[in-house]
Amino acid sequence: MVTVDTFDEYLFNASRALCSPIAVFIQIQGCLIVLILALGWALAAYVRGREIRRMKSSMKRGNSFAFLTLDINELEHSKQVNLPRVTVVMPLKGFGEHNLHNWRSQITSLYGGPLEFLFVVESTADPAYHAVKCLLADFKDAVEAKVIVAGLSTTCSQKIHNQLVGVEQMHKDTKYVLFLDDDVRLHPGSIGALTTEMEKNPEIFIQTGYPLDLPSGTLGSYCIYGYHMPCSMGFATGGKTFFLWGGCMMMHANDFRTDRHCVVSGLRDGGYSDDMTLAAIAGAHKRLITSPPVAVFPHPLATDLTFPRYWNYLRKQTFVLESYTTKVNWIMNRALFTSHCYLSWGFVSPYIMAGIHVAAALRHYLKENSLEGTAMTCNGLLLVACLAVCTVIELLSIWNLTRIEVHLCNMLSPEAPQLSLASYNWCLVFIAMLVDNFLYPLSAMRSHLSQSINWSGIRYHLKDGKICKIDRHKHLVPKITDLAGKDLLGKQGSIPKVAIISTLSRTLAQWRQPKKYNI
């Protein structure tokens with residue numbers, strides 16, 4: 001039986017052991033990781049903040065449409081009529097609480113050139129099919145859009161299959177194709193901003209953006225936010241980047257028509273992740289990927305996003321590192337796998353050690369101990385104090401970046417309900433970052449050992465980095481998706497039409513009402 005004295009002895013010995021050179025190195029290393037994160041977020045905040053300052057400067061010069069373009073002359077009719085045709089391809093799966101709002105933000109874009117929207121579903125049994133049909137019926141001929149039934153994928157992931165079917169049916173005059181996830185909430189000028197950059201620099205292979213997560217209050221939603229925020233640094237460059245997010249990708253349509261760099265065959269023949277595959281192709285052929293500073297999109301998370309659903313999402317994210325196209329791509333993925341796991345546990349370990357130091361110090365001051373024990377406790381508390389200061393700096397940095405991105409999103413969508421920082425719980429943000437970094441290596445290791453994943457009811461098996469087998473069984477299909485909480489089944493394979501129409505009518509009515517904002 002473990003007595004109190006025995007427990008205290010174990011605790012003090014553990015605290016002393018954590019003052020050894022190796023343990024001190026781990027704790028100092030953890031402080032450096034925290035400070036590097038803070039620096040990365042500070043630089044990202046500078047890039048986003050610079051765009052806000054440019055918009056405000058343009059507005060002071062009399063440009064009321066700075067949320068569309070910084071140069072008001074670009075809105076002249078002579079320039080708008082010459083804008084290139086853009087096709088937006090949206091692979092859909094299921095129907096959730098935020099889909100109608102997201103789809104409306106996409107099809108009500110203020111892009112001045114020819115624009116078509118292709119909503120691609122697996123089958124008419126998908127609840128998304130009926131929902132988007134109702135939405136498009138309300139807009140009738142005001143929007144050039146249609147719903148395409150792609151059928152089942154056999155050689156690649158269902159999302160990639162839907163994207164490629166959409167590309168096959170895009171307009172013959174389309175110059176740029178924009179792939180969007182159905183949980184992306186666009187700004188009125190997003191398509192125009194992406195197109196302008198493509199026109200300025202024809203060398204751009206892919207343009208991308210990144211989501212700003214809006215946690216719903218659950219720990220799972222904050223874990224998603226904690227996972228995405230470190231990645232957001234790579235997208236807040238204001239230009240060239242090596243990262244790619246599959247939720248927003250604009251490319252040259254001719255690259256798909258001619259299968260340039262094998263973009264079509266690379267995706268179709270065993271492709272699991274669209275963004276990882278295209279990023280690998282871009283790297284192999286030294287092609288340019290850019291991310292404009294205005295390409296940040298609100299991403300509301302499901303109100304009932306539970307912790308198990310977060311875990312499922314994390315599993316899918318780590319599984320992409322198991323897919324690859326070339327030997328070099330495999331090496332890069334292994335390096336990313338190793339470094340991410342090392343840094344994740346390198347981030348968490350100092351906090352575990354700090355907890356032991358604090359517990360030992362509390363027990364020490366509650367009872368009489370030797371001067372040697374006092375010295376060891378003080379050394380441990382000094383390390384704890386350093387970590388605490390670094391953590392405060394880190395939280396201030398992530399708070400500042402989130403604040404600036406919220407402000408930028410509000411400026412880019414002046415007619416939308418304004419976002420606010422008030423809904424963020426920063427204690428949960430800190431806890432979620434610890435949880436996410438602790439679980440990431442576990443998820444990555446499981447993905448590496450299993451070589452299979454269940455994605456929205458479809459189990460994909462990999463061999464040599466490519467999909468080799470696809471299983472579809474009813475028992476594999478979850479009732480709802482992980483992030484957006486989208487209904488995948490509905491009632492006997494579809495959702496009640498009356499429910500969709502009533503929801504649609506309510507949301508459209510709210511959308512048309514004048515909105516009041518805090519100034």
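What's counted below: heavy atoms across the whole structure, side chains too, no hydrogens, waters or symmetry copies.
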(request) Please confirm whether the backbone N or O of Ala38 pairs with a side-chain atom of Ser397, one donor and one acceptor, at under 3.5 Å? (result) yes
(message) Testing the basics here: between Asn329 and Ser323, what is the closest heavy-atom pair and its distance to 0.1 Å?
(response) OD1-O, 4.3 Å
(message) If only side-chain N and O atoms count, and only distance matters, is there a donor-acceptor pair under 3.5 Å linking His261 with Asp255?
(response) no
(request) Check whether the ring centres of Tyr310 and Phe307 lie less than 6.0 Å apart, and answer yes or no. (result) yes
(message) Quick one: does any side-chain atom of Asn437 pair with a main-chain N or O of Phe347 as donor and acceptor, under 3.5 Å?
(response) no
(message) Counting C-beta onward and ignoring hydrogens, is there a side-chain heavy-atom pair between Ser153 and Asn162 closer than 4.5 Å?
(response) no
(request) Heavy atoms only: give me the nearest Ser420-Ser423 pair and the separation to one decimal. (result) O-OG, 3.5 Å
(message) I'd like to know if the side chain of Gln106 and the backbone of Val184 have a donor-acceptor N/O pair within less than 3.5 Å.
(response) yes
(message) ring-ring contact (aromatic ring centres under 6.0 Å, His included), that's the test. Do His228 and Tyr313 meet it? Break it down for me.
(response) CA-CA 12 Å; His228 280 157; Tyr313 173 78; 5.8 Å; yes
(request) Walk me through it: do Gln158 and Tyr460 pass the test side-chain contact (heavy atoms from CB on, under 4.5 Å)? (result) CA-CA 10 Å; Gln158 188 64 46; Tyr460 300 103; 3.5 Å; yes
(request) For Gln27 and Ala23, indicate whether the former's side chain and the latter's backbone hold a donor-acceptor pair under 3.5 Å. (result) yes
(request) State, yes or no, whether a side-chain contact exists between Ile470 and Ile458 at a heavy-atom distance under 4.5 Å. (result) yes
(request) Classify the angle between the aromatic ring planes of Trp103 and Phe95 as parallel (below 30°), tilted (30 to 60°) or perpendicular (above 60°). (result) tilted
(request) For the residue pair Asp181 and Lys159, establish whether any side-chain heavy-atom pair is separated by less than 4.5 Å. (result) yes
(request) Report the distance from atom CG of Leu278 to atom CG of Leu267, rounding to the nearest 0.5 Å. (result) 4.5 Å
(message) Run Leu421 and Trp426 through side-chain contact (heavy atoms from CB on, under 4.5 Å) and show every step you take.
(response) CA-CA 10 Å; Leu421 272 179; Trp426 298 102; 3.9 Å; yes
(request) Begin from the C-alpha positions of Tyr272 and Thr277 and carry the test side-chain contact (heavy atoms from CB on, under 4.5 Å) through to its verdict. (result) CA-CA 8 Å; Tyr272 167 75; Thr277 301; over 6 Å; no
(request) Establish, from distance only, whether the side-chain atoms of Ser447 and Glu322 form a donor-acceptor pair under 3.5 Å. (result) no
(request) Determine whether Ile52 and His407 make a side-chain contact, defined as any pair of heavy atoms from C-beta on separated by less than 4.5 Å. (result) yes
(request) State, yes or no, whether a side-chain contact exists between Ile467 and Thr155 at a heavy-atom distance under 4.5 Å. (result) no
(message) Counting C-beta onward and ignoring hydrogens, is there a side-chain heavy-atom pair between Tyr440 and Trp345 closer than 4.5 Å?
(response) no
(request) Decide yes or no for Asp304 and Arg309: does some side-chain heavy atom of the first lie under 4.5 Å from some side-chain heavy atom of the second? (result) yes
(request) May I ask you to check whether His285 and Phe205 place their ring centers less than 6.0 Å from one another? (result) no
(request) Tell me yes or no: between the side chains of Asn454 and Arg459, is some donor less than 3.5 Å from an acceptor? (result) no
(message) Would you say that Met411 contacts Met59 through its side chain, given a criterion of any heavy-atom pair below 4.5 Å between the two side chains?
(response) yes
(message) What's the separation between atom CG in Leu434 and atom OG in Ser344, rounded to the nearest 0.5 Å?
(response) 11.5 Å
(request) Can you measure from CD1 (Ile204) to NZ (Lys240) and round to the nearest 0.5 angstrom? (result) 12.0 Å
(message) Could you measure the distance from the CZ atom of Arg50 to the CG atom of Leu408? Nearest 0.5 Å is fine.
(response) 12.0 Å
(message) How long is the straight-line distance from OG1 of Thr241 back to CD of Gln207, given to the nearest 0.5 Å?
(response) 12.0 Å
(request) Determine, step by step, whether His187 and Phe67 satisfy the ring-ring contact (aromatic ring centres under 6.0 Å, His included) criterion, reporting the C-alpha distance in whole Å, the side-chain angles of both residues, the deciding distance to 0.1 Å, and the verdict. (result) CA-CA 9 Å; His187 306 293; Phe67 65 97; 9.9 Å; no
(request) For atom CZ of Phe242, decide whether the heavy atoms of other residues, nucleotides or ligands shown that lie under 6.0 angstrom number more than 12. (result) no
(message) Do Arg403 and Trp399 form a cation-pi contact, if we require the NZ or CZ to be under 6.0 Å from the six-membered ring centre and within 45 degrees of the ring's axis?
(response) yes
(message) Would you compute the distance between atom CD1 of Ile398 and atom CE of Met433 and round it to the nearest 0.5 angstrom?
(response) 5.0 Å
(request) Mark yes when over 12 heavy atoms from residues, nucleotides or ligands other than Ile22 sit less than 6.0 Å from its CD1; otherwise mark no. (result) no
(request) For the residue pair Tyr222 and Tyr225, categorise the inter-ring angle as parallel (less than 30°), tilted (30 to 60°) or perpendicular (more than 60°). (result) perpendicular
(message) For Leu186, is there any backbone N or O sitting under 3.5 Å from a side-chain donor or acceptor partner on Ser105?
(response) yes
(request) Let me see the working for Glu51 and Arg54 under salt bridge (charged side-chain N to carboxylate O under 4.0 Å, His left out), right down to the final yes or no. (result) CA-CA 5 Å; Glu51 193 63 22; Arg54 292 175 62 193; 3.1 Å; yes
(request) Please lay out, stage by stage, how Tyr351 and Thr391 fare under the test side-chain hydrogen bond (donor to acceptor under 3.5 Å, both in side chains). (result) CA-CA 10 Å; Tyr351 290 99; Thr391 302; 2.6 Å; yes
(request) Indicate whether any N or O donor in one side chain lies under 3.5 Å from an N or O acceptor in the other, for His98 and Asp183. (result) no
(request) Write down the atom of Ser450, the atom of Arg315, and the distance for their closest heavy-atom approach. (result) OG-NH2, 3.8 Å
(request) Give the minimum heavy-atom separation between Thr318 and Ser443, together with the two atoms involved. (result) OG1-OG, 2.8 Å
(request) Of all the heavy-atom pairs spanning Ile289 and Ala279, show the shortest one and how long it is. (result) CD1-CA, 4.3 Å
(request) Please confirm whether the backbone N or O of Pro215 pairs with a side-chain atom of Asp213, one donor and one acceptor, at under 3.5 Å? (result) no
(message) For Leu92 versus Asp182, what's the shortest heavy-atom pair and its separation?
(response) CD2-CB, 3.5 Å
(request) Take atom CZ of Phe337 as the centre, draw a 6.0 Å sphere, and report whether it contains more than 12 heavy atoms from other residues, nucleotides or ligands. (result) yes
(request) Could you tell me whether the side chains of Arg268 and Gln163 share a donor-acceptor contact shorter than 3.5 Å? (result) no
(request) Check the pair Asp269 / Lys466 against salt bridge (charged side-chain N to carboxylate O under 4.0 Å, His left out), numbers first and verdict last. (result) CA-CA 8 Å; Asp269 301 335; Lys466 294 185 178 294; over 6 Å; no
(request) Please answer whether the main-chain N or O of Leu305 pairs with a side-chain N or O of Thr218 as donor and acceptor at a distance below 3.5 Å. (result) yes
(message) I'd like to know if the side chain of Thr338 and the backbone of Ala335 have a donor-acceptor N/O pair within less than 3.5 Å.
(response) no
(request) Go through Leu70 and Met55 one step at a time and tell me if the side-chain contact (heavy atoms from CB on, under 4.5 Å) criterion holds. (result) CA-CA 6 Å; Leu70 295 177; Met55 291 178 64; 3.8 Å; yes
